[in-house]
Amino acid sequence: RAQVQESGGGSVQAGESLTLSCVSSDSTMRSCMGWFRQTPGKEREGVAAIDSEDGRRTRYADSVKGRFTVTIDNALNTLTLQMTSLKPEDSGLYFCAAKKGICWSPSLQRSQYSTWGQGTQVTVSS
């Protein structure tokens, strides 16, 4: 069964940067890949998504546009989320996810994704 595993979370101060990575166990990264985050009591929300066949096709949540950048390296089966100018509201458990089938358009909808990692915690202090 295909698996993805996140890493790179940690605790930082507001304004600092952090980079998350997601490694796939196989050829999972052949469709849409996404980053989601969740905080206690809230729904898991889409942060960034990318078409693994064309890394120029990306989508971002309005709250992170201009601050977060999602990239993919298919040779290394690695998805990356570069986060800059972090804010306390960026804190949460960040998940990597893979969508089955063709990536018609990078999506931030949780229901579009079928393979999920265990998550990595990001904490931003003010």
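Numbers for residues simply follow the sequence, beginning at 1.
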Look only at the side chain of [X] and the backbone of [Y], and say whether a donor-acceptor pair between them is shorter than 3.5 Å.
X      : Y      : result
Thr78  : Val23  : no
Asp73  : Leu76  : yes
Glu6   : Cys96  : yes
Asp54  : Asp51  : no
Ser31  : Gly101 : yes
Ser25  : Gln3   : yes
Arg57  : Glu53  : no
Tyr94  : Leu81  : no
Arg59  : Pro106 : yes
Thr115 : Ala97  : no

Checklist entry - If you look at every heavy atom in Ala49 and Tyr113, which pair is closest and at what distance? => result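 The answer is CB-OH, 3.6 Å.
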Checklist outcome for this item: Tightest non-hydrogen contact, residues Ile72 and Met33, listed as CD1-CG, 3.9 Å
Heavy-atom check, side chain of [X] versus side chain of [Y], under 4.5 Å:
X     : Y      : result
Val12 : Thr123 : no
Arg67 : Lys87  : yes
Ser7  : Thr120 : no

Next on the checklist: I want to check a possible cation-pi pair here: Arg44 against Phe95, using under 6.0 Å from ring centre and within 45° of the ring axis as the test.
Outcome noted: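 Positive - Arg44 is close enough to the ring of Phe95 and near enough to its axis.
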Item to check | Spacing of OG1 belonging to Thr71 relative to CG belonging to Leu79, to within rounding of 0.5 Å | outcome: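 The CG atom of Leu79 is 7.0 Å from OG1 of Thr71, to the nearest 0.5 Å.
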Checklist entry - CG/Leu86 to CD/Gln13 distance, rounded to the nearest 0.5 angstrom? => result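 Reported to 0.5 Å precision, the distance equals 11.0 Å.
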Item to check | Enclosure of Gln118 CD (heavy-atom neighbours >12, cutoff 6.0 Å) | outcome: no
Next on the checklist: Starting from Met83, can I reach Trp35 by hopping between I/L/V/M/F/W/Y residues whose side chains sit under 4.5 Å apart?
Outcome noted: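 Yes, it is one cluster - the side chains of Trp35 and Met83 are joined through contacts under 4.5 Å.
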